[in-house]
Student: 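Here's a structure for you.
Keep in mind that this is a model prediction, so the values were computed, not measured. This chain uses plain numbering: 1 for the first residue, then up along the sequence.
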Amino acid sequence: MSAVDLRGFGWRHAGRKAWAVRGVDLRVERGERVLLLGPSGAGKSTLLAALAGLLADDSGEREGIAEIDGLDTRKARERVGIVFQDPETQLVMSRIGDDVAFGLENRGVPRAEIWPRVAAAVEAVGLDHPLDRATHALSGGEQQRLALAGVLALRPDLLLLDEPTANLDPAGADLVRASLRRATDRDTTVIMVEHRLAEVVPFVDRVVVLAPGGGVRADGPPDRVFAEHGAALAADGIWVPGQPLPAPRRAAGAPGEVLVTADRLALAPRLAPTDLSVRTGEAVAVLGPNGVGKSTLALLLGGLLTPTGGRVVASSVLAGTDAARPPHRWRAADLTARIGSVFQDPEHQFVASTVRDELAVGPRKLGRPLGIVDALLERLHLGHLARANPYTLSGGEARRLSVATALAAAPRLLLLDEPTFGQDRRTWIELVALLADLRDEGHGVLTVTHDPAFVEALADRRLTL
């Protein structure tokens, strides 16, 4: 078991004026289970990366002390397991079993122990696939479970979890939480970042809240922290159990003309034949378990994949003179102007070196005014990051940037995959309001999501695959 000691710890990414995290004094005893909270951009993910020994000196500036059992975290990596916000970044092998075995092999675990531990870890997270299943064929949520299995198989002394259930369906999230309870007992120190607080609070002993300006704002048992600071924390954008959200934003009027239709649309083996239509002035939520093809459906509707069955029909309202052709056969510039796609992994769509330039890519390509760039920076709380590299943003900031880049081209149809991932309470509310405004202005909005509060707040219609 490992104890964690942070004294005046801070980290600033190379090329950034603001510190990602600073002035943190924190002691976590062996076997404690800690929930780490804070608004988007407060440095939660950076702090976990520091504890995992993953912040290299040539990639930023460090101050203070970060130790595990008296060792600098950079020298204690073998004691630590971490699951990142983006699970795809830690999958290294082409098959499920090999990926889980990779860490065990590198740690020198005896061969006879490896595969029983692999099988136990895969079963613990509810990943119901053969061990020779290709990792690239998994959905985002299934990749998240696989990444967790790879870490649990190592049986680390310190387990760091960065939103481990964010992209999982409710059943999958329950499986992961149950596997954590079984796999960790009280022999493992656990520090986790999570937004689904109602489900995770019973698992933890302690809540630590980071202040956006630096340091620790609150620290103690969950009941006491939420009782003493709940209303103030919620007002500052931190998710707090029991704090109500604004009333749902229903459509201002009836849906208008059809923008796009899926007619028995399929992509074997990822999506079974599916029928769907999206109209102007409506918000559609696509629901269903991990691996059923929700993200694939969004990519097909957005013209980014070619179907193996059925068809996508775009109306003249959306396609103009291209209505006779499916979206995947449109010119790239026309596709960008008509359909905005937000991927499950925001980094997959960044092409510029600063946040401001990223937002300007679409308008420049389409010959449109750049005034929308500043408006989106302000609306989505990204103004202070205008000169930052998109790849140094927190997960929540990167998600907002990916949404903003799609909006910058002012498309008539907007397709979003897990748009609320990594958002604090304040930015979640702002994102719902922004999408509701777009819908009421006549845009069509389709979201793939596992966020029931988001569905309740925005969706006019639901499709469950």
Side-chain angles (χ1 to χ4, degrees), residues 4-26 36 38-68 71-77 80 82-92 158 160 162-163 191 193 210-216 343 345-361 373-374 376-377 380-405 421-424 427:
V4 171
D5 195 15
L6 297 165
R7 286 167 280 162
F9 179 78
W11 176 265
R12 176 164 58 187
H13 294 288
R16 296 278 286 273
K17 290 184 178 180
W19 290 77
V21 64
R22 197 173 198 187
V24 176
D25 294 301
L26 180 65
L36 187 64
S40 180
K44 302 182 296 294
S45 296
T46 301
L47 196 59
L48 293 190
L51 293 175
L54 299 177
L55 298 181
D57 288 339
D58 60 356
S59 64
E61 180 181 351
R62 175 192 302 261
E63 66 179 14
I65 302 296
E67 294 179 339
I68 298 173
L71 286 175
D72 186 287
T73 56
R74 291 164 292 187
K75 298 179 181 179
R77 292 172 181 160
V80 182
I82 184 170
V83 178
F84 303 133
Q85 272 186 332
D86 178 5
E88 196 174 77
T89 60
Q90 65 189 104
L91 303 185
V92 294
L158 172 61
L160 306 171
D162 199 348
E163 299 197 52
I191 302 176
V193 174
L210 295 182
V216 172
F343 303 153
D345 299 312
E347 293 85 355
H348 289 181
Q349 61 195 99
F350 295 154
V351 296
S353 59
T354 72
V355 168
R356 182 181 293 279
D357 287 343
E358 185 68 40
L359 280 173
V361 168
V373 170
D374 288 327
L376 286 170
L377 285 171
L380 291 174
H381 304 282
L382 294 170
H384 65 293
L385 298 168
R387 296 184 180 181
N389 188 303
Y391 291 95
T392 66
L393 303 184
S394 72
E397 291 164 345
R399 168 59 71 216
R400 295 202 301 282
L401 176 58
S402 66
V403 172
T405 57
F421 171 76
Q423 299 311 302
D424 63 28
T427 55

Student: I would like to know whether R22 and F9 meet side-chain contact (heavy atoms from CB on, under 4.5 Å); could you show each step before the answer?
Tutor: CA-CA 6 Å; R22 197 173 198 187; F9 179 78; over 6 Å; no
Student: Among V24, L6, L36, which residue meets the side-chain contact (heavy atoms from CB on, under 4.5 Å) test with V216?
Tutor: V24
Student: Hey, does the side chain of T46 reach the backbone of V21 with a donor-acceptor pair shorter than 3.5 angstrom?
Tutor: no
Student: Among all residues two or more places apart in sequence or in another chain, which pass the side-chain contact (heavy atoms from CB on, under 4.5 Å) test with R74?
Tutor: D57, R62, D72, R77
Student: Could you tell me which residues satisfy side-chain contact (heavy atoms from CB on, under 4.5 Å) with R356, sequence neighbours excluded, listed by chain and number?
Tutor: T354, V373, D374, L377, A386
Student: Any donor-acceptor pair under 3.5 Å linking the side chain of D424 with the backbone of P39?
Tutor: no
Student: Show, in sequence, the C-alpha distance, side-chain angles and deciding distance for V193 and L48, and conclude whether the side-chain contact (heavy atoms from CB on, under 4.5 Å) test is met.
Tutor: CA-CA 9 Å; V193 174; L48 293 190; 3.8 Å; yes
Student: With side-chain contact (heavy atoms from CB on, under 4.5 Å) as the criterion, how do R400 and T427 come out once you've worked through the C-alpha distance, each side chain's angles and the decisive distance to 0.1 Å?
Tutor: CA-CA 8 Å; R400 295 202 301 282; T427 55; 3.6 Å; yes
Student: Return the set of residues passing side-chain contact (heavy atoms from CB on, under 4.5 Å) with D25 (not counting sequence neighbours), or none when no residue passes.
Tutor: R7
Student: Can you see which heavy atom on E163 is nearest to which on G422, and at what distance?
Tutor: OE2-CA, 3.4 Å
Student: Minimum heavy-atom separation for A352 and V361, please, with both atom names.
Tutor: CB-CG2, 4.4 Å
Student: Walk me through it: do V4 and L26 pass the test side-chain contact (heavy atoms from CB on, under 4.5 Å)?
Tutor: CA-CA 8 Å; V4 171; L26 180 65; 5.8 Å; no
Student: Applying side-chain hydrogen bond (donor to acceptor under 3.5 Å, both in side chains), name anything that partners H13, two or more places apart in sequence or on another chain.
Tutor: W11
Student: Would you say the side-chain atoms of Q90 pair up with the backbone N or O of I82, donor to acceptor, closer than 3.5 Å?
Tutor: yes
Student: Could you tell me whether a side-chain N or O of E358 sits under 3.5 Å from a main-chain N or O of V351, the two making a donor and an acceptor?
Tutor: yes
Student: By side-chain hydrogen bond (donor to acceptor under 3.5 Å, both in side chains), which residues pair with S402, not counting sequence neighbours?
Tutor: R399
Student: Output all residues satisfying salt bridge (charged side-chain N to carboxylate O under 4.0 Å, His left out) with D58, sequence neighbours left out; order by chain, then residue number.
Tutor: none
Student: Taking all atoms of both residues into account, what is the closest heavy-atom pair of S40 and S394, and its distance?
Tutor: OG-OG, 3.8 Å
Student: Just so I know, are the side chains of V355 and R387 near enough to count as touching, which here means a heavy-atom distance under 4.5 Å?
Tutor: no
Student: Please answer whether the main-chain N or O of S353 pairs with a side-chain N or O of Y391 as donor and acceptor at a distance below 3.5 Å.
Tutor: no
Student: Between the main-chain N or O of T73 and the side-chain N or O of E67, is there a donor-acceptor pair closer than 3.5 Å?
Tutor: no
Student: Test your reading of the model: is there a side-chain donor-acceptor pair from R12 to the backbone of K17, 3.5 Å cut-off?
Tutor: yes
Student: Of the non-hydrogen atoms in L55 and S59, which two are nearest, and what is the gap between them?
Tutor: C-OG, 4.4 Å
Student: Does the side chain of D5 come within less than 4.5 Å of I65's, by heavy atoms?
Tutor: no
Student: Quick one: do S45 and D162 satisfy side-chain hydrogen bond (donor to acceptor under 3.5 Å, both in side chains)? Show the steps, please.
Tutor: CA-CA 7 Å; S45 296; D162 199 348; 2.6 Å; yes
